[in-house]
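Everything on this sheet refers to the single structure shown next.
For the numbers below, each heavy atom of this structure counts, side chains included, while hydrogens, waters and symmetry mates do not. All values derive from a computational prediction rather than experimental measurement. Counting convention: from 1, in listed order, for ligands and their atoms alike.
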Amino acid sequence: MRAPRLLPKWNIMKRPILIHPDPRLKKFCADVPDISDELRVLADDMLETMYAAPGIGLAAPQVGVLQRLIVLDCVKGEDAKPRPLVMFNPRVMASSDEMNVYEEGCLSIPDQYADVERPEAVKVEWLDRDGNMRDEEFDGLWATCVQHEIDHLDGKLFIDYLKPLRRQMITRKMVKLKKELAREKA
Ligand code: K1U
Ligand code: ZN
């Protein structure tokens, strides 16, 4: 299944989303030592930014914060009840042997999609916004999304799974897009 066209609405974003290539998207992020009110505000801002984009996930480095925080909500359908998840220091504790291919997109790589193979199901452990340890097993789109977001915390993008030529082509397109956006802003 292909995700809808991704062109973030720059002017109404609570936190602007960094576009690849950007050195901050390649950095390994540090664990969050304590969950402060400032981090809870960041998590709320990230959820607002994700829903506005629209997207199904967002990682802190995508808004320029190099800490281990992700948000996601993969509930499908406009009438369905949202399920916003905030995960501090998320860790994959176990992965299924069974694999799944999904055509992924990324809010930091607008309008580019590619098939990526990942474990079909993962067990993830994290700290919630109140500092409680949580764990859950995810499958399907939730599993794909949580793995994509945790990759962001390790400085890894979905294009890093592609052959070098395809990755270079996408990167060149993004360099061009960033130049166009900078010209529009000037
Ligand atoms: O991390 C990100 O950049 C967010 C990304 C998450 C993701 C998408 C697809 C597979 C794995 C992870 C997105 O949300 S891209 C937007 C998107 O997929 C979507 C947007 C609106 C409705 C449905 C999907
Ligand atoms: Zn992404």
Cation-pi geometry met for Arg68 and Phe28 (6.0 Å, 45°)
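Checked: cation-pi criterion met.
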Spell out, as yes or no, whether a donor-acceptor pair under 3.5 Å connects the side chain of [X] to the backbone of [Y].
{"X": "Lys178", "Y": "Pro21", "value": "yes"}
{"X": "Asp73", "Y": "Val75", "value": "yes"}
{"X": "Gln147", "Y": "Ala143", "value": "yes"}
{"X": "Asp154", "Y": "Lys156", "value": "no"}
{"X": "Asp128", "Y": "Asp130", "value": "yes"}

Is His152 touching ligand 1 with its side chain, its backbone, both, or neither, if touching means heavy atoms under 4.0 Å apart?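 The part of His152 near ligand 1 is the side chain, not the backbone.
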Would you mind running through ligand 1 and noting each atom that sits below 4.0 Å from a heavy atom of [X]?
{"X": "Cys106", "result": "3 (O)"}
{"X": "Gly55", "result": "14 (O), 16 (C), 20 (C)"}
{"X": "Glu149", "result": "1 (O), 2 (C), 4 (C), 6 (C)"}
{"X": "Gln62", "result": "1 (O), 2 (C), 3 (O)"}
{"X": "Gly57", "result": "1 (O), 2 (C), 4 (C), 14 (O)"}

task = Give yes if a backbone or side-chain nitrogen or oxygen of Glu104 is under 3.5 Å from a nitrogen or oxygen of ligand 1, and no if not.
result =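 By distance alone, the answer is no.
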Got an N/O contact under 3.5 Å between Leu141 and ligand 1?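 So ligand 1 has no N or O lying under 3.5 Å from an N or O of Leu141.
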What residues, two or more places apart in sequence or in another chain, satisfy side-chain hydrogen bond (donor to acceptor under 3.5 Å, both in side chains) together with Asp160?
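Result, side-chain hydrogen bond (donor to acceptor under 3.5 Å, both in side chains) vs Asp160: Lys26.
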Shortest non-hydrogen separation from Asp139 to Ala121 and the atoms involved |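 Answer, listing the atom of Asp139 first, then Ala121: CB-CB, 4.1 Å.
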Check your understanding: Taking only residues two or more places apart in sequence, or in another chain, which ones meet His152 in a ring-ring contact (aromatic ring centres under 6.0 Å, His included)?
Key ->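 Here the qualifying residues are His148.
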- Query: Can Glu103 be said to touch ligand 1, with heavy atoms closer than 4.0 Å?
  - Reply: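 Distance cut 4.0 Å: Glu103 fails for ligand 1.
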Original post:
Do any heavy atoms of Pro54 fall under 4.0 Å from ligand 1?
Top reply: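 Heavy atoms of Pro54 do come under 4.0 Å of ligand 1.
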Given side chains that start at C-beta, do those of Met133 and Glu125 come closer than 4.5 Å, heavy atoms only?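 Yes; the side chains approach each other to less than 4.5 Å.
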Enumerate the residue pairs fulfilling side-chain hydrogen bond (donor to acceptor under 3.5 Å, both in side chains) with a member in residues 80-98, sequence neighbours excluded, ordered by first and then second residue.
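Of all non-adjacent pairs touching residues 80-98, those that pass side-chain hydrogen bond (donor to acceptor under 3.5 Å, both in side chains) are Arg83-Glu136.
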- With 2.8 Å as the limit, jot down which protein N, O or S atoms are around the Zn ion (ligand 2).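 The answer is Cys106 SG, His148 NE2, His152 NE2.
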